K.L.:
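Right, I'll just put the structure down here and ask away after.
A, B, ... follow the sequence lines: proteins, then strands. Residue 1 opens every chain. Fair warning: this is a prediction, and the values are worked out from it, not measured in the lab.
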Protein chains: 2
Amino acid sequence: MAYHHGNLRAELLARAETVLAEDGVGALSLRSLARDLGVSHAAPSRHFADRQALLDALAVEGFERLGAELAESTSGDGGFEDRLTWLALTYVRFATRYPALLEVMYACKYRDPQDKVRAASAACGEILLDLFDGSGASVADAERFGVILLAALHGIAALTAADSLPPGSSADDLAADTVGRLLRGSRLTG
Amino acid sequence: MAYHHGNLRAELLARAETVLAEDGVGALSLRSLARDLGVSHAAPSRHFADRQALLDALAVEGFERLGAELAESTSGDGGFEDRLTWLALTYVRFATRYPALLEVMYACKYRDPQDKVRAASAACGEILLDLFDGSGASVADAERFGVILLAALHGIAALTAADSLPPGSSADDLAADTVGRLLRGSRLTG
DNA sequence: ACCTGAACACCGTTCAAGT
DNA sequence: ACCTGAACACCGTTCAAGT
């Protein structure tokens with residue numbers, strides 16, 4: 001059989017994301033992806049050293065997409081709190097839309113700090129910090145607030161993705177509410 | 001070879017927790033557990049229908065242990081905020097101590113609401129709600145605050161377990177800080 | 001009731017060999 | 001440079017058979 005692809009890597013990633021969304025991480029295997037693409041089971045190894053490398057690439061893609069959505073959501077005009085709220089909603093909706101992808105993105109344990117996934121994740125954090133420019137808050141206050149808000153949003157996102165929120169609670173409401181309470185409780189621009 | 005165990009189930013769980021703590025979820029296999037315990041590879045199936053059933057049992061154990069620690073941490077005297085803070089610290093420290101177990105506990109996607117894992121998880125939530133007795137807050141306010149706080153703590157715990165907090169941030173400080181800000185921002189006992 | 005042993009279908013990973 | 005095919009060691013799961 002002739003060579004099948006010039007862009008096997010991209011096709012593997014695309015197919016992997018579909019499988020991930022439809023059947024979860026557990027259903028992702030290099031062999032089945034190769035089968036789906038009509039390629040030998042060993043072909044993926046040329047593009048991904050191992051299964052983890054594929055998951056890492058998916059995580060990077062995920063952070064890049066999340067970052068793009070966050071950047072867009074905060075690009076409009078509006079007050080500081082409004083922009084924070086938009087960012088929060090965007091984050092939480094991403095988790096609703098791609099729960100399995102979010103899981104892969106944050107299953108990045110014991111990775112060295114130089115990692116690509118970590119860098120992609122940090123870029124998302126930067127977008128939040130940028131919102132504080134001209135807010136009147138000191139850099140230290142902004143960074144502290146940023147970590148706390150990010151952790152809180154991640155909690156809502158993770159519980160949403162795991163379908164572990166009490167019935168009747170909307171992730172959107174929770175996110176906006178959390179932003180409001182943290183803001184009021186932080187005396188940021190005092 | 002004679003029968004090896006009368007309590008194979010308990011030994012499997014114990015060994016599984018060790019493996020989980022040392023090498024992560026990925027290293028957990030029914031076959032290797034059986035090997036470690038000197039039992040045939042099919043023996044575990046008598047006690048756990050499949051691999052997921054073992055993970056579920058670990059998750060239930062985890063929630064029970066967490067619940068016991070939370071209950072103990074809030075049993076002392078002290079003001080409302082102090083007790084909330086102790087609960088928060090206990091939660092977050094659990095995540096530091098058993099990161100892989102926490103991951104298993106919250107990897108409970110797409111489970112029916114009757115599930116044992118969900119029940120064990122809900123019991124932990126109850127402990128938080130009990131703290132509001134006599135706090136002056138309405139039940140609705142308490143439940144809302146409880147969900148928000150739990151999500152925020154879970155976020156800190158998850159990022160801690162994934163080692164994804166910015167360097168220099170202590171999970172303890174973050175948890176206590178979050179409790180304070182949420183409390184101040186919530187006008188609970190107004 | 002509880003465990004064994006063989007069997008089946010699936011993995012990840014490696015590597016010589018093809019084009 | 002990129003892919004194939006065979007090979008190896010590992011899985012989960014099932015099931016007849018043993019005690």
K.L.:
How many whole angstroms separate atom CG of B:L33 from atom C1' of D:dC11?
P.N.:
12 Å

K.L.:
Quick check on C:dC11: is either OP1 or OP2 less than 4.0 Å from any side-chain nitrogen or oxygen of A:S29?
P.N.:
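So the side-chain polar atoms of A:S29 do come within 4.0 Å of the phosphate oxygens OP1 or OP2 of C:dC11, strictly under.
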
K.L.:
Should D:dA9 form a Watson-Crick or G-U wobble pair with both distances under 3.5 Å, which nucleotide is its partner?
P.N.:
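Checking every strand shown, D:dA9 finds no partner, since no pair has both distances under 3.5 Å.
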
K.L.:
Distance check needed: C:dC3 P versus B:F48 CZ, whole Å only.
P.N.:
12 Å

K.L.:
How about CD on B:Q52, more than 12 heavy atoms from neighbouring residues, nucleotides or ligands closer than 6.0 Å, or not?
P.N.:
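Yes - once you tally the heavy atoms of other residues, nucleotides and ligands closer than 6.0 Å, there are more than 12.
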
K.L.:
Do the rings of A:Y106 and A:H154 sit parallel, tilted or perpendicular, given the 30° and 60° boundaries?
P.N.:
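Judged by the thresholds at 30° and 60°, the geometry between A:Y106 and A:H154 is tilted.
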
K.L.:
Let's test this: given Watson-Crick or G-U wobble pairing with both distances under 3.5 Å, identify the partner of C:dG18.
P.N.:
D:dC2

K.L.:
With no hydrogens and no angle check, just 3.5 Å: does a side-chain donor-acceptor pair link A:S186 and B:R181?
P.N.:
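Checked: A:S186/B:R181 side chains pair up, N/O donor to acceptor below 3.5 Å.
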
K.L.:
Which one, D:dG12, C:dC3, C:dT13, comes nearest to the side chain of B:L30?
P.N.:
D:dG12

K.L.:
Could you check if a side-chain atom of B:R144 sits within less than 4.5 angstrom of a side-chain atom of A:D173, using non-hydrogen atoms only?
P.N.:
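Side chain of B:R144 against side chain of A:D173, heavy atoms only: contact under 4.5 Å found.
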
K.L.:
Please confirm whether A:R118 makes a cation-pi placement over A:F63, using NZ or CZ under 6.0 Å from the six-membered ring centre and within 45° of the ring normal.
P.N.:
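Checked: cation-pi criterion not met.
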
K.L.:
From C:dC3, D:dC3, D:dC10, pick the nucleotide closest to the side chain of B:V39?
P.N.:
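Nearest listed nucleotide: C:dC3.
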
K.L.:
With a 4.0 Å cutoff (strictly under), does any side-chain N or O of B:R46 reach OP1 or OP2 of D:dT13?
P.N.:
no

K.L.:
Of all the choices, C:dT13, D:dC3, D:dC11, which nucleotide is nearest to the side chain of B:R35 once you look at every atom?
P.N.:
D:dC11

K.L.:
Give the rounded distance in Å between these two atoms: CG of A:L28 and C1' of C:dC11.
P.N.:
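So the CG-C1' distance, A:L28 to C:dC11, works out to 13 Å.
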
K.L.:
Could you tell me whether the phosphate oxygens of C:dC10, OP1 or OP2, come under 4.0 Å of any side-chain nitrogen or oxygen in A:H41?
P.N.:
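Answer is no, no contact under 4.0 Å.
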
K.L.:
From the options C:dC3, D:dT14, C:dC11, select the nucleotide whose nearest atom is closest to the side chain of B:H47.
P.N.:
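Output: C:dC3.
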
K.L.:
Of all the choices, C:dG12, D:dC15, C:dC3, which nucleotide is nearest to the side chain of A:R51 once you look at every atom?
P.N.:
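The answer is C:dG12.
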
K.L.:
Looking for any heavy atom pair under 4.0 Å, which part of the strands does B:R9 touch: base, sugar-phosphate only, or nothing?
P.N.:
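If one applies the 4.0 Å heavy-atom cut-off, B:R9 turns out to touch nothing in the nucleic acid.
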
K.L.:
Whether the side chain of B:R31 and the base of D:dG12 hold a donor-acceptor pair under 3.5 Å is what I'd like checked.
P.N.:
yes

K.L.:
What is the distance, to the nearest angstrom, from the CG atom on A:L12 to the P atom on D:dC2?
P.N.:
13 Å

